[in-house]
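Proteins get letters first, then strands, A, B, ... in listed order; numbering begins at 1 in each.
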Amino acid sequence: MTDTTESTKTTGAIGRTRVERYDPASIESRWQKKWDELGLHRTDLHEEGRPPYYLLTMYPYPSGDIHIGHWYIITPTDAIARFLRMHGENVFLPIGFDAFGLPAENAAIKNNINPRTWTMSNIDNMRRQLRTMGATFDWEAEVVTADPDYYRWNQWFFLQFFKAGLAYRQTSAVDWCPNDGTLAREQVEGADRHCWRCGAKVEKRDLAQWYLKVTNYADELIDFSGLEWPEAIKAQQTNWVGRSEGAELVFTTVVDDHQPGGDELRVFTTRPDTLFGATFMVLAPEHPLVATLTSPERRAEVDAYVARTQTETEIERLSTDREKTGVAIGADAVNPINGERIPIWIADYVLAGYGTGAIMAVPAHDERDFAFAGAFGLPVRQVVASPGSGGGGELEDAYLAHASDEVLVNSGPYDGMPADDGGRAIVAKLAEQGKAKPTVTYRLRDWLISRQRYWGTPIPVIYCERDGIVPVPEEDLPVRLPDTVDYRGSGENPLGRDEAFLNVTCPKCGGPARRETDTMDTFIDSSWYWFRYLSPEKSGGPIDRALVDRWTPVRQYTGGSEHAVMHLLYAREFTKMMRDIGIVDQDEPFIRLFNQGQILGLDGERMSKSRGNTVDPDDLVARYGADTIRLFLMFMGPWDQGGPWSPTGIGGVHRFLNRLWTIALDQHGLEGGDPDAGTLPAGESEADARTAVRNAAHRTLGGVTADYEAFHFNTMIAKLMELTNLLMRYRGTSVAGTSEWDEAVRLALLMLAPAAPHISEELWSRRLQAAGVPWASIHSQSWPDVDPTAVIEETREVPIQVNGKLRDKVTVPTRISEIELEQVVLARDKVRAALDGREPSKIIQAGGGRLVNIVVR
RNA sequence: GCCGGAGUGGCGGAACAGGCAGACGCGGCGGACUUAAACUCCGCUGCCCGCAAGGGCGUCAGGGUUCGAAUCCCUGCUCCGGCACCA
């Protein structure tokens, strides 16, 4: 802790003063309280005077503690808010808690307390910690998603989506985590297919589940026009949607002893040009025709393979370079282009959920088909080759080139055509017979939202034996999550064990019925929470349309990139669904997105409570104060970069604030350790020095303003350090206390205010008091303007190069002419030495004489 | 394999549109203050040669464009993040 009793000795011209030391502990909580009392951060959403600016940062999950990673995202966001307010924007910066979810349930099971109790007590703690940052959240807008007043609207949305055909129930093989229950496609990660949250291996289960029809928006989701989002996120989402253009081709099954034939076997391909090279077909083991097409003598083997793919896929899929497996089913198909009979196989490398679940295998031109053909001795026929090569000879690998300078071979009438034209011709020909059509396929799946967990939003549906699926009437919302359920895990839905919850009367027929016992994916909560911030208390509907129209889309969103294809994708999808049911009039939720980097723990891993590698900022705050921590985090490096946590260097930032304190409060003091203290630099007049101070202050202002706008906080702070160091040099000289000095200190405080709000407010208020001016918060001041006349330089230093190598520098008047500058440069001793008698062949003055380069042979 | 991003001192990082590489900070060295230490302050600090003046070399590697390249182009390497047989 800083010793507050010690004083800095001063022996300046003014005489002895006692200046207390910078003690953040004594000032920060005082200002936080004052700002609270004044309602400095409360946003009047109806105010007409200033333009609205919705600034949003991703709300935290209430895991129990705010760690340094939270500071890393939140405090720069707060600096942006304060900066914008000083520019006259009416900034809305709300905060809330993503309060449903698995960790609460697990912690509750472990400690035998109710998830709600656990969550709410964490939230209380985190509210307190969040306040120590000095962040300007509007706490009146707070949203807690586990409140019935919030989740009832999840249910309401679900009912509207159901009515609009955007929510549906379907039974199919789904990804299932032993801890989390069902997962959406986006929530299964890695080649080994593990759960995004708990890491457990994901299995396949056949379940009836609820889906949201987000595939409706596939094309819209890859259109980012009008959005300022990081390239990386746009690329990830585009890949995730996975739009793929090609054609659907229709093969036909051949009559066999055991089956009548004539069934259509549709395949999707991006390479119709290779149709003549199809030497076999492969169906996904789950393909519906497998059952009828399989011949009696192959039946046993096929059944065994199908069973095996269902149970063993995860183990096999562990290997990235898996061996191809599969079995022939004892039936053939006809290639529509040439009538050729080719055998039908099943294999797990063909996925049931993509395309048509069946492929034409062209081993010569597809790596996977090539490997499969190699494993089972199936023929390989090259049909694309570079012109002149003929395509003879054995391929060692699949031949993948298919640019327009490749031609078709072994393709009957299409021989010699460029591959891409040939492909189009083949599709066109088959289309005449109804056997092909150009098709677009997507990787994106509908959003599976059912979860077999307790701690979430109950899905508002009732199952009646007579009426089937009956939505809960809107007037019966919310379907409350019972507090007393035995939520402890036993692999079954906790809500299914609560008879009082489970048994209801059918709203349609009045007969006995049962409630849905699944809850919603918690990503539903975060898919519209920012709309709710605008009217958290509203009871007649989820959102206040007038405020939504006025304040959204969000102008600037800040948060991590780890939810690139989860939250950030769901939020876009949900907004489009809200638009389609007519309750908002916007296509996109977030205009600008900024992804800050991650602060990693000492182990180099992402900080998380479950890993136990979090850094608690409380100790650091106690020692250095919130302002130092805020600045240090911003100074570490570019905000979008993050990096491993190390407190080394925090002292440098703290010293900077101390120096600022000194120049603001002890301008006439003398530095004991500096032999030049109190004297102007040799050869510099007071007038020169005053001009230099003013010039530096305004130049800094220009740079700092641009840096704030670009979120370049590290260089913004570096510039303020430079200015402070300069003022430190002039402290105790005749320049200290002049109007130029005074202006520089004032500007420095204003520039620092968004980033280090407490110390700047404290120094600001002391200056006002000293000047006898009534107090007004620095945070309600206008951002200062650069005085263009102040940044005009009388002279400038010109680097001189000879053949691109720096040889000399010369200081010249700013208004020097080109000819004069050339004369000055050529007269320099070092230049003449470097030229060594040679005649310059060219003299280049770059940037209007900012640099001179002399070219000699 | 595909997609995205990045390679600059001992370290974190600067360098806006091709024009002084290394701002700012950490660390290190030297000094002032102190009885002493801590704190604070001042100076030096890319590498090599040299007592110095000065010179040479330097932005992952190799080529290229240019009067001039950390920056643009080509080839390759390494690292980080994402995807996972997507036909």
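Remark on RNA chain B: of its neighbouring residues A:Gly637 and A:Glu367, the 5'-side contact belongs to A:Glu367, judged by nearest-heavy-atom nucleotide. Each of A:Met636 and A:Glu722 lies near RNA chain B, and the nucleotide nearest A:Met636 is the one positioned closer to the 5' end.
Counting atom types as modelled, A:Lys842 pairs no side-chain N or O with a base atom of B:rC67 as donor and acceptor under 3.5 Å.
Protein atom CD of A:Glu231 is 20 Å distant from nucleotide atom P of B:rG81, rounded to whole Å. Distance CZ (A:Arg443) to C1' (B:rC83): 6 Å, rounded to an integer number of Å. Distance A:Ile717 CD1 to B:rC26 P: 13 Å, rounded to the nearest Å. Distance, A:Lys719 NZ to B:rA23 P: 14 Å, rounded to whole Å. In this structure, A:Leu835 places its CG atom 18 Å from P of B:rC67, rounding to the nearest Å.
One finds a side-chain N or O of A:Asn725 lying less than 4.0 angstrom from the OP1 or OP2 phosphate oxygen of B:rG25. Put simply, A:Tyr349 has no side-chain N or O that comes within less than 4.0 Å of OP1 or OP2 on B:rA87. Taking 4.0 angstrom as the limit, A:Thr715 places none of its side-chain polar atoms (N or O) nearer than this to OP1 or OP2 of B:rG13. For the pair A:Asn714 and B:rG25, the criterion of a side-chain N or O lying under 4.0 Å from OP1 or OP2 is not met. Of the side-chain N and O atoms in A:Arg185, one or more sit less than 4.0 angstrom from OP1 or OP2 of B:rA84. Under 4.0 angstrom from either OP1 or OP2 of B:rU40 there lies at least one side-chain N or O belonging to A:Arg655. Using a 4.0 Å cut-off, no side-chain N or O of A:Lys234 falls inside it from OP1 or OP2 of B:rG82.
Side-chain atoms of A:Glu189 lie closest to B:rC83 of the nucleotides B:rC39, B:rC26, B:rC83. Closest to the side chain of A:Tyr354, from the set B:rC42, B:rA87, B:rG4, is B:rA87. Distance from the side chain of A:Phe635 is smallest for B:rC24 among the nucleotides B:rC41, B:rC20, B:rC24.
The existence of a salt bridge linking A:Glu793 and A:Arg796 is excluded, since no basic side-chain nitrogen approaches an acidic carboxylate oxygen closer than 4.0 Å. Looking at A:Asp175 and A:Arg185, no side-chain N of the basic residue comes within less than 4.0 Å of a carboxylate O on the acidic one, giving no salt bridge. Salt-bridge check for A:Arg21 with A:Asp23: failed, with every basic side-chain N at 4.0 Å or more from each acidic carboxylate O. At a threshold of 4.0 Å, the pair A:Asp348-A:Lys324 does not count as salt-bridged, since none of the basic side-chain nitrogens sits closer than that to a carboxylate oxygen.
Contacts of A:Lys324 with the nucleic acid, taken as non-hydrogen atoms under 4.0 Å apart, include base atoms. If you check every strand for non-hydrogen atoms under 4.0 Å, A:Arg807 touches sugar and phosphate atoms only. Counting any heavy atom pair closer than 4.0 Å across all strands shown, A:Val350 reaches a base atom. A:Pro230 comes within 4.0 angstrom of no nucleic acid atom, judged by non-hydrogen atoms across all strands.
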Within the sub-3.5 Å range, which N or O atoms of nucleotides 16-19 of chain B have a protein N or O partner, and how far apart are they?
| unit_1 | atom_1 | unit_2 | atom_2 | d |
| --- | --- | --- | --- | --- |
| B:rG19 | N2 | A:Asn853 | ND2 | 3.4 |

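More than 12 heavy atoms of other residues, nucleotides or ligands lie within 6.0 Å of CZ in A:Arg838, so this atom counts as buried by the packing criterion.
Here CG of A:Leu444 is found 7.5 Å from CG of A:Asp446. Values are rounded to the nearest 0.5 Å.
A:Phe632 and A:His654 have their aromatic ring centers separated by at least 6.0 angstrom. With ring centers used as reference points, A:Trp229 lies 6.0 Å or more from A:Phe594. Taking the six-membered ring wherever Trp is involved, the centroid distance between the rings of A:Phe372 and A:Tyr349 falls below 6.0 Å.
Atom P of B:rU71 sits at a distance of 14 Å from the matching atom of B:rA17, rounded to the whole Å.
Taking a pair to require two hydrogen-bonding distances under 3.5 Å in either a Watson-Crick or a G-U wobble arrangement, B:rG81 pairs with B:rC3. Nucleotide B:rA23: unpaired (no Watson-Crick or G-U wobble partner with both distances less than 3.5 Å).
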